[in-house]
Amino acid sequence: MPRNAQGDAHIESRGPLDEADGAVPDGVTVFDEAIPAVTNLDPDLLAALRRAATDAANAGIEFNVNSGWRSPAYQSRLLREAVSKYGSEKEAARWVATPDTSPHAKGEAVDIGPSDATMWLSENGAEYGLCQIYRNEAWHYELRPEAIDHGCPRMYADPTHDPRMRSGRR
């Protein structure tokens, strides 16, 4: 299997990726039961998202899932596209993780939109254990249950500052 500069295995994908790989059609919410990008999320993360989305709906705010769980093939494709866009693996790593390190590929991260939903989460997410992890990705949320009592941890500037991305350990 081909490897990138960090020695991580690349999973090659030929042909179009679809919902089974984690592609998300427009208008998907955290309540959709037929979309693998939602249903393959960690159950605790999904439960917290649904509690938060229910409360946000009282303020007229809907959480759309722009990305959730992704297959390794989908994550690999996103990384290749980012390398092409940004010109190097080093620069691409600021935006896209490898299939081996991505919390999306583990079902442990979700990208939420639109901007009013991310604003609501930035103000209220800690109450549900939902934290923005990267300063450069206002849409990316992960579950941090300790945030309910202690607030969200300090954000990393971008994924290159996250030790999970450098080591491949979770």
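We're numbering straight along the sequence, starting at 1. None of these values were measured; they are calculated from a predicted model.
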Legend entry - Interatomic distance, Ile61 atom CD1 to Asp55 atom CG [nearest 0.5 angstrom]: 11.0 Å
Inset, instruction - Please confirm whether the backbone N or O of Ser115 pairs with a side-chain atom of Thr118, one donor and one acceptor, at under 3.5 Å? - result: yes
Inset, instruction - Can you measure from NZ (Lys85) to CD (Glu81) and round to the nearest 0.5 angstrom? - result: 10.0 Å
Legend entry - 4.5 Å side-chain heavy-atom contact, Val38 and Pro36: no
Inset, instruction - Find out whether Leu143 and Glu108 are in side-chain contact, i.e. whether some heavy atom of one side chain is under 4.5 Å from a heavy atom of the other. - result: no
Legend entry - Common cluster, Val24/Leu45, ILVMFWY with side-chain heavy-atom separation under 4.5 Å: yes
Inset, instruction - Could you tell me whether the side chains of Thr98 and Asp100 share a donor-acceptor contact shorter than 3.5 Å? - result: no
Inset, instruction - Please assess Thr160 against Met165 for the test side-chain contact (heavy atoms from CB on, under 4.5 Å), listing each intermediate value before the final yes or no. - result: CA-CA 7 Å; Thr160 63; Met165 300 303 123; over 6 Å; no
Inset, instruction - Measure from the side-chain N and O atoms of Thr54 to the backbone N and O of Arg50, and report whether any donor-acceptor pair falls under 3.5 Å. - result: yes
Legend entry - Over all atoms of both residues, closest heavy-atom pair of Leu121 and Ala52: CD2-CB, 4.4 Å
Legend entry - Heavy-atom closest contact (Ala82 atom, Val96 atom, distance): CB-CG2, 3.7 Å
Legend entry - Approximate separation, where rounding is to 0.5 Å, of Ser102 OG and Leu79 CG: 9.5 Å
Legend entry - Point-to-point distance, once rounded to the nearest 0.5 Å, from OG1 of Thr39 to CD of Glu33: 7.5 Å
Inset, instruction - Before giving the answer on side-chain contact (heavy atoms from CB on, under 4.5 Å), spell out for Leu49 and Ile112 the whole-Å C-alpha distance, their side-chain angles and the decisive distance to 0.1 Å. - result: CA-CA 10 Å; Leu49 283 165; Ile112 295 292; 4.2 Å; yes
Legend entry - Single-linkage hydrophobic cluster, 4.5 Å side-chain cutoff, Tyr74 and Ile35 together: no
Inset, instruction - Could you tell me whether the side chain of Arg144 reaches within less than 4.5 Å of the side chain of Tyr128, counting heavy atoms only? - result: no
Inset, instruction - Kindly determine whether Asn64 and Asp26 satisfy side-chain contact (heavy atoms from CB on, under 4.5 Å), including the steps that lead there. - result: CA-CA 8 Å; Asn64 289 327; Asp26 290 340; over 6 Å; no
Legend entry - Nearest heavy-atom neighbours spanning Ala147 and Cys131: CB-SG, 3.5 Å
Legend entry - Pairing of Glu142 and Arg164 as salt bridge, 4.0 angstrom limit: yes
Legend entry - Sub-4.5 Å side-chain heavy-atom contact between His104 and Asp111: yes
Inset, instruction - Run the numbers on Arg70 and Asp21 for side-chain contact (heavy atoms from CB on, under 4.5 Å), then give the verdict. - result: CA-CA 6 Å; Arg70 301 175 189 147; Asp21 291 298; over 6 Å; no
Inset, instruction - To the nearest 0.5 Å, tell me how far Gln75 CD sits from Thr101 OG1. - result: 7.5 Å
Legend entry - Single-linkage hydrophobic cluster Trp139~Val28, side-chain heavy atoms < 4.5 angstrom: no
Legend entry - Geometric class of the Trp95/Tyr86 ring pair [parallel <30°, tilted 30-60°, perpendicular >60°]: parallel
Inset, instruction - With rounding to the nearest 0.5 Å, note down the distance linking CZ in Phe63 to CZ in Phe31. - result: 8.5 Å
Inset, instruction - Identify the two heavy atoms, one from Pro159 and one from Arg94, that lie closest to each other, and give their separation to 0.1 Å. - result: CD-O, 2.9 Å
Inset, instruction - Would you indicate whether the side-chain heavy atoms of Ile133 and Tyr156 approach each other to under 4.5 Å? - result: yes
Inset, instruction - Using the rule that two of Ile, Leu, Val, Met, Phe, Trp, Tyr join whenever any of their side-chain heavy atoms come within less than 4.5 Å, decide whether Trp69 and Leu78 are in one cluster. - result: no
Inset, instruction - Would you indicate whether the side-chain heavy atoms of Thr29 and Glu62 approach each other to under 4.5 Å? - result: yes
Inset, instruction - Check the pair Arg80 / Glu89 against salt bridge (Lys or Arg N to Asp or Glu O under 4.0 Å), numbers first and verdict last. - result: CA-CA 9 Å; Arg80 286 192 313 273; Glu89 285 190 11; over 6 Å; no
Legend entry - Beyond-backbone contact of Tyr141 with Cys152, side-chain heavy atoms, under 4.5 angstrom: no
Inset, instruction - State, to 0.1 Å, how close Val30 and Ala53 come at their nearest heavy-atom pair, and which atoms those are. - result: CG2-CB, 3.6 Å
Legend entry - Expected output: side-chain Ser76 to main-chain Ala73 donor-acceptor under 3.5 Å: no
Inset, instruction - Taking the side chain as every heavy atom from C-beta outward, state whether Met155 and Gln132 have any pair of such atoms under 4.5 Å apart. - result: yes
